[in-house]
Amino acid sequence: MPQKATRTISQSDDDEDEVLSQYSKAPDSDDRELELYAKAVAEFKVSWQKQKQEKERRFLKSAQAELDDLMNRKRGELDEIMGQMDDIYQDFLSRYTAIEDRKREVLVQIAEKQKILLAISVKKHQEAVEHVQNLEEGQREGIRLVAQSCQDMQGMIDAFMKV
């Protein structure tokens, strides 16, 4: 847009130069009018340039303010999203920690139960071994008694046979 304005200025400058060159051929009184006209045109150009620069400055200031406002809103949105992500992550960590604690608790209970089970198994095995030993001793004693009875019986048979 500023380029179009610059072209318009240069075209109007050319037109004004033509007008001024036509009037420069006029008599002295016309020269003064032309000088006044030229000064007025020059002042108008300066004024118009200043207005143009002021408009551009206001536009840039407005655009910068709008851009800053947009950036601040986006930064706020980003901070909010990051806060939400942090909350979600903290919730995840809390749940994960609770699950891990529960798993650890269950594993500790399993280990304790295994120790108890191992102790019971050892005790039952020892009782079974003792019971088997007692049975074997009872069988040996029974066999010894049967053998003794057989010998006694044989002795009685021999004694009755001698009689």
Side-chain angles (χ1 to χ4, degrees), residues 1-17 41-163:
M1 187 165 175
Q3 291 177 349
K4 287 184 180 178
T6 305
R7 288 184 192 146
T8 305
I9 291 171
S10 64
Q11 288 173 351
S12 66
D13 287 344
D14 291 340
D15 292 341
E16 290 170 8
D17 289 342
V41 168
E43 287 176 12
F44 176 75
K45 275 184 169 181
V46 169
S47 173
W48 188 79
Q49 283 292 337
K50 285 182 182 179
Q51 287 178 356
K52 179 182 169 191
Q53 288 174 352
E54 181 62 25
K55 282 182 182 178
E56 286 177 357
R57 186 188 62 74
R58 279 186 276 152
F59 172 76
L60 289 175
K61 187 177 179 181
S62 172
Q64 185 64 45
E66 191 174 326
L67 183 61
D68 289 344
D69 183 48
L70 179 64
M71 288 299 291
N72 287 335
R73 280 187 282 149
K74 291 301 178 183
R75 193 173 293 119
E77 289 175 11
L78 181 63
D79 289 344
E80 184 179 331
I81 290 170
M82 292 298 289
Q84 289 173 353
M85 287 174 60
D86 190 43
D87 291 345
I88 291 169
Y89 182 68
Q90 291 301 324
D91 184 50
F92 163 75
L93 285 179
S94 297
R95 289 181 183 185
Y96 182 76
T97 303
I99 290 170
E100 287 298 315
D101 288 346
R102 180 67 182 136
K103 281 173 41 179
R104 218 172 292 117
E105 183 180 312
V106 168
L107 289 174
V108 166
Q109 289 175 353
I110 289 172
E112 289 172 358
K113 299 293 182 187
Q114 284 178 336
K115 287 179 184 176
I116 292 170
L117 184 61
L118 181 62
I120 291 172
S121 296
V122 167
K123 183 179 176 185
K124 290 294 182 183
H125 177 71
Q126 287 173 347
E127 288 175 359
V129 168
E130 288 175 12
H131 185 66
V132 168
Q133 287 175 351
N134 289 339
L135 286 176
E136 285 177 0
E137 283 179 27
Q139 284 178 344
R140 278 190 230 125
E141 182 64 25
I143 291 173
R144 188 183 63 73
L145 289 175
V146 168
Q148 184 66 36
S149 294
C150 286
Q151 285 178 354
D152 289 344
M153 187 69 149
Q154 187 63 40
M156 286 194 333
I157 291 176
D158 285 343
F160 281 123
M161 293 283 232
K162 287 186 182 178
V163 184

Exercise for the section: Find out whether L60 and Q64 are in side-chain contact, i.e. whether some heavy atom of one side chain is under 4.5 Å from a heavy atom of the other. Expected result: no

Practice task
Assess whether atom CZ of R95 is packed by more than 12 heavy atoms of other residues, nucleotides or ligands within 6.0 Å.
Solution key: no

Handout entry: K74 vs L78 side-chain heavy atoms within contact, under 4.5 Å
Key = no

Handout entry: Contact check, side chains of Q114 and L118, non-hydrogen atoms, under 4.5 Å
Key = no

Practice task
Go through the steps to decide whether R75 and D79 satisfy the test salt bridge (charged side-chain N to carboxylate O under 4.0 Å, His left out), and finish with yes or no.
Solution key: CA-CA 6 Å; R75 193 173 293 119; D79 289 344; over 6 Å; no

Fill in the blank from the handout: To the nearest 0.5 Å, atom CD of Q84 lies from atom CG of D86 at 11.0 Å

Practice task
Find out whether I110 and V106 are in side-chain contact, i.e. whether some heavy atom of one side chain is under 4.5 Å from a heavy atom of the other.
Solution key: yes

Handout entry: Between CD1 on residue I120 and NZ on residue K113, distance to nearest 0.5 Å
Key = 9.5 Å

Completion exercise
d(E66 CD, F59 CZ) to nearest 0.5 Å is 9.0 Å

Exercise for the section: Would you check if K52 and K55 make a side-chain contact, meaning some heavy-atom pair closer than 4.5 Å? Expected result: no

Handout entry: Short N-O contact, E77 and R73, less than 4.0 angstrom
Key = no

Practice task
Could you pull out all residues at least two apart from R57 that satisfy salt bridge (Lys or Arg N to Asp or Glu O under 4.0 Å)?
Solution key: E54

Practice task
Check for a donor-acceptor pair, side chain of N72 on one end and backbone N or O of D68 on the other, with a separation under 3.5 Å.
Solution key: yes

Problem - Reported OG-to-CG distance for the pair S94 and D87, which is rounded to 0.5 angstrom - result: 10.5 Å

Exercise for the section: Kindly indicate whether the side chain of E105, heavy atoms from C-beta on, has any atom under 4.5 Å from the side chain of Q109. Expected result: yes

Problem - Gap between atom CZ of R102 and atom CD of E100 - 0.5 Å precision - result: 13.0 Å

Handout entry: Check ion pair R144-E141 (N to O, under 4.0 angstrom)
Key = yes

Exercise for the section: Please collect all side-chain hydrogen bond (donor to acceptor under 3.5 Å, both in side chains) contacts where either partner lies in residues 119-133, sequence neighbours excluded, each pair once. Expected result: none

Handout entry: From M85 atom CE to I81 atom CD1, the distance as rounded to the nearest 0.5 Å
Key = 8.5 Å

